[in-house]
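Notes to accompany the following structure.
For clarity, every value in this text was computed on a predicted model and none was experimentally measured. Any value given below was found using the heavy atoms of this structure, including those in side chains, with hydrogens, waters and symmetry copies removed.
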Amino acid sequence: MLPVVVFLLAHLLFSTAQKSEPLSDPNAQSLFRGADRYDFAVLLGPGGTECFWHFAHQEGYFYYGYEVQWTSGIMQNRHVTASAFTPEGFQIEQSQDTRGQINFKTKETGFYQICVNNWQNSFGQAQVYLNFGVFYDGVGPEHVEDQKQKLNDTLVTIEESAQIVQNRVLHMWRYYNFARMRKGSDYYILLSNYHYVNWWSASQSVLIVASGVLQLYFLKRLFNVKTTTDSQKPRC
């Protein structure tokens, strides 16, 4: 009976703790995090869905941007649906547009799921450019519990200034990637318009030539005079 009570008390204390960092002993290997930010394009099939998982510590800032670069099919619907979920699977936010941003603060440590789907375009593909990641204010979350004592005010000032510069560089990188998304989308729009104008010009040229040939043929028939003989003479 005593082990059961101890287990229940330990479980209760763990569930009510403020931090959600994964527990590990000093000899255990560190949890694989991967890179803090990614940007790439993904091709969605008709009605298709793609999901990705990104690790984030508690008290971080998660950003998720997307933009549709090009679509195919009859309807030419450029709208997609993007959504973000907590490590437990609860939806945080959803965005439905040709481009958008989802930003939120991570309240727990774990792998956050982000998804993008092409449900509104059931007969064509869509290429979507994704840009997502996480950043932290202050020192990194992996050093929150074991901060070292500051040596002097000069080192503190240098560290704070370096952190400010790092955050501003990160935001510049985010705006740069957003501009890249817009540039890629504009490029595919221009390419589509270029092919559309070429095909339309070619079809119009063929139509003009065909109409000219037909007009010449009917005009020639108007002046076509049949030869008369003694047995075949024109009637009055």
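Between Asn131 and Tyr63, some side-chain heavy-atom pair lies under the 4.5 Å cut-off. By the 4.5 Å heavy-atom criterion applied to side chains, Thr98 and His79 are counted as neighbours. Between Leu44 and Gln127 the shortest side-chain heavy-atom distance does not fall below 4.5 Å. The shortest side-chain heavy-atom distance between Pro46 and Ser122 does not fall under the 4.5 Å cut-off. A 4.5 Å side-chain heavy-atom check between Tyr112 and Phe104 finds at least one atom pair inside the cut-off.
Aromatic ring pairs are classed by plane angle as parallel below 30°, tilted from 30° to 60° and perpendicular above 60°; the pair Phe132 and Phe62 is parallel. Between Tyr64 and Tyr66, the two ring planes are tilted [angle within 30° to 60°].
Taking every heavy atom of both residues into account, Val134 and His54 meet most closely at CG1-NE2, 3.7 Å. Contact between Gly45 and Gln125 at its shortest, heavy atoms only, is CA-CG, 4.2 Å. The two residues Glu50 and Val42 make their nearest non-hydrogen contact at CG-CG2, 3.6 Å. Scanning all heavy atoms of the two residues, the minimum distance from Cys115 to Phe85 falls at SG-CE1, 4.1 Å. The shortest heavy-atom contact between Gly100 and Ser95 is CA-OG, 4.3 Å.
Once rounded to the nearest 0.5 Å, the distance linking CD of Glu108 with CD of Glu59 reads 11.0 Å. With values rounded to the nearest 0.5 angstrom, Thr106 atom OG1 is found 9.5 Å from His57 atom NE2. Taking OG from Ser192 and CH2 from Trp70, the interatomic distance works out to 10.5 Å, rounded to the nearest 0.5 Å. Expressed to the nearest 0.5 Å, how far CZ of Arg99 lies from CD of Gln69 amounts to 11.0 Å. One distance of note links OG of Ser72 with CG of Asn121; it measures 6.5 Å at 0.5 Å rounding. Distance check, rounded to the nearest 0.5 Å: CD of Gln120 to OG1 of Thr71 gives 11.5 Å.
When hydrophobic clusters are built by joining Ile, Leu, Val, Met, Phe, Trp and Tyr residues whose side-chain heavy atoms come closer than 4.5 Å, directly or via intermediates, Trp200 is not grouped with Leu191. By the criterion of side-chain heavy atoms lying less than 4.5 angstrom apart, applied directly or through intervening Ile, Leu, Val, Met, Phe, Trp or Tyr residues, Leu43 is not grouped with Trp119; the two fall into different hydrophobic clusters. One hydrophobic cluster, built from ILVMFWY side chains closer than 4.5 Å, holds both Ile92 and Leu130.
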- prompt: What do the steps show when you test Asp39 against Tyr129 for side chain to side chain contact (heavy atoms under 4.5 Å, CB included), and what is the final call?
  reply: CA-CA 7 Å; Asp39 59 290; Tyr129 186 88; 2.8 Å; yes
Review point. Between Thr49 and Asn118, does a side chain to side chain contact (heavy atoms under 4.5 Å, CB included) hold up when you go through it step by step?
Key: CA-CA 6 Å; Thr49 303; Asn118 190 29; over 6 Å; no
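Remark: the backbone N or O of Gln58 is paired with a side-chain donor or acceptor of Thr109 at under 3.5 angstrom. Using a distance-only test at 3.5 Å, with no hydrogens or angles considered, no donor-acceptor pair links the side chain of Ser201 to the main chain of Asn198.
Under a cut-off of 6.0 angstrom, the local environment of CZ in Phe40 is crowded, with over 12 non-hydrogen atoms contributed by other residues, nucleotides or ligands.
A ring-centre distance under 6.0 Å is not found for Phe111 and Phe52.
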